[in-house]
Amino acid sequence: MSHLKQTHYAPFTETAAIELAISLNFFTEHAVLSCKEIGDGNLNLVFHIVDERDRKGLIIKQALPYAKVVGESWPLTLKRAKIEADALKTFGQIAPHYVPKVYFTDDVLAVTVMEDLSHLAIARTGFINGELYPHISNHLGEYLAKTIFFTSDYGLGPTAKKELVQKFINPELCKITEDLIFTNPYFDADTNEFEDGLLADVNALWQDEELKFQVNLLKRSFLTEAEVLLHGDLHTGSVFASNSETKVIDPEFAFYGPAGFDIGQVFANLLFQVIANPTNREPFIRHIEIVWEVFRDEFTHLWSTENKEVLVKTDKFLNYTLAKFFEDSLGFAGCELIRRTIGLAHVADLNSIEDVHTRLAAKRKTLDLGKILIKQRKELINCAVFISKVKEVIKNEKND
Ligand code: SR1
Ligand code: MG
């Protein structure tokens with residue numbers, strides 16, 4: 001697609017988005033175009049442009065120079081649009097079934113033009129409305145195995161891997177995660193948001209020295225372990241789904257970090273449904289098990305067939321690597337559970353529970369489970385032990 005390069009950034013209106021779509025010759029000259037801004041995330045504008053005659057559509061995503069969730073007082077780099085587009089292209093080469101196609105990017109406008117996925121729904125919204133998306137865990141397990149293996153030293157080789165590490169240096173977006181996930185929920189920071197009914201629980205959490213020590217270890221891992229190219233924000237609001245398709249969107253937080261971070265975010269965001277949705281508890285527990293089983297089996301296959309390192313092809317080192325990823329993922333899942341309950345940027349799974357007593361009970365269970373996953377991650381040595389601990393915490397009537 002061709003397009004006249006812009007020299008200045010300006011936030012798009014719906015008209016400007018249509019003009020860009022026309023200039024890219026994506027639609028035929030007789031197209032009857034309509035455009036709606038549909039962005040419901042924390043950071044960006046998202047325009048959905050459709051030809052009313054045949055419903056053929058396009059998405060134009062534009063970064064704003066500040067965090068939309070807070071406002072203009074929180075400036076944010078526009079470079080994240082390039083990181084996101086580059087990550088979509090990299091992940092799209094590795095796992096094309098699970099990533100939207102990128103048609104055009106403009107670094108000055110901070111714009112990415114991509115495949116219209118409006119036939120799918122945001123997985124979190126679908127789950128809250130009772131959808132189960134039977135294949136989503138299979139798809140996410142495969143997506144995680146492929147993106148994690150093929151961006152690691154083992155799948156890429158050390159030279160190509162270092163080039164990608166350099167390409168995905170993403171300090172400002174990493175700082176958001178470092179603050180909002182690993183730091184601010186553990187003291188009385190301005191960014192925290194929680195219900196009055198949780199005050200005693202939050203005070204106890206702030207005084208838990210062992211918890212803070214373990215979170216420091218996890219934060220150090222996030223800061224220093226450049227294992228694989230991460231999506232970096234892989235919650236269920238970053239996944240589009242239907243009963244047959246799954247697409248992972250929004251990788252603007254992409255950077256080289258510990259593999260367990262993406263896996264842990266997937267676990268945690270499925271756990272929100274396990275906790276908040278008692279009628280569908282078992283299917284979501286099964287989703288968690290399947291994510292791990294498919295990840296482990298596909299990663300194991302890639303490890304033995306595609307490995308660029310000769311000496312690591314031993315069962316002992318593979319098992320060590322999988323055990324490390326699993327332990328890390330439980331710790332990171334615990335951090336995600338806690339920050340989405342008392343930090344900035346909550347999840348609708350919990351906040352949409354109308355009855356205050358039920359909602360507070362669910363949030364207490366989330367905090368309890370988060371603390372246990374962080375502090376006991378070394379003892380939760382496999383998925384069966386992890387799941388039985390989840391069930392134990394959920395059944396605990398002290399929080400009901
Ligand atoms: C200021 S950004 C808040 C949160 O929204 C994003 O989706 C990330 O999860 C981030 O932590
Ligand atoms: Mg996002």
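Only heavy atoms go into these numbers, but all of them, side chains included; no hydrogens, no water, no symmetry mates. First listed ligand is number 1; within each ligand, the first listed atom is number 1.
Contact between Arg340 and ligand 1 is present, with at least one heavy atom of the residue lying under 4.0 Å from the ligand. Contact analysis leaves Thr177 out of contact with ligand 1, as no non-hydrogen atom separation drops below 4.0 angstrom.
Nearest heavy atoms, Cys335 versus Phe182: SG-CE2, 4.0 Å. Closest heavy-atom contact between Phe222 and Cys174: CE2-O, 4.0 Å.
Residue Phe253 has at least one heavy-atom neighbour below 4.0 Å for each of these atoms of ligand 1: 6 (C), 8 (C), 10 (C). Counting the atoms of ligand 1 from 1 in the order shown, those under 4.0 Å from a heavy atom of Leu180 are 3 (C), 11 (O).
Judged by distance alone, the side chains of His119 and Glu245 do bring a donor and an acceptor atom under 3.5 Å apart.
When heavy-atom distances to ligand 1 are checked against a 4.0 Å cut-off, Gln265 has no atom that comes that close, whether in backbone or side chain. Counting heavy atoms closer than 4.0 Å to ligand 1, residue Ile181 contributes nothing at all.
The residues Arg296 and Glu293 are annotated as not salt-bridged, no charged nitrogen and carboxylate oxygen being separated by less than 4.0 angstrom.
Remark: the backbone N or O of Val347 is not paired with any side-chain donor or acceptor of Arg340 at under 3.5 angstrom.
The shortest N or O to N or O distance between Trp74 and ligand 1 is not below 3.5 Å.
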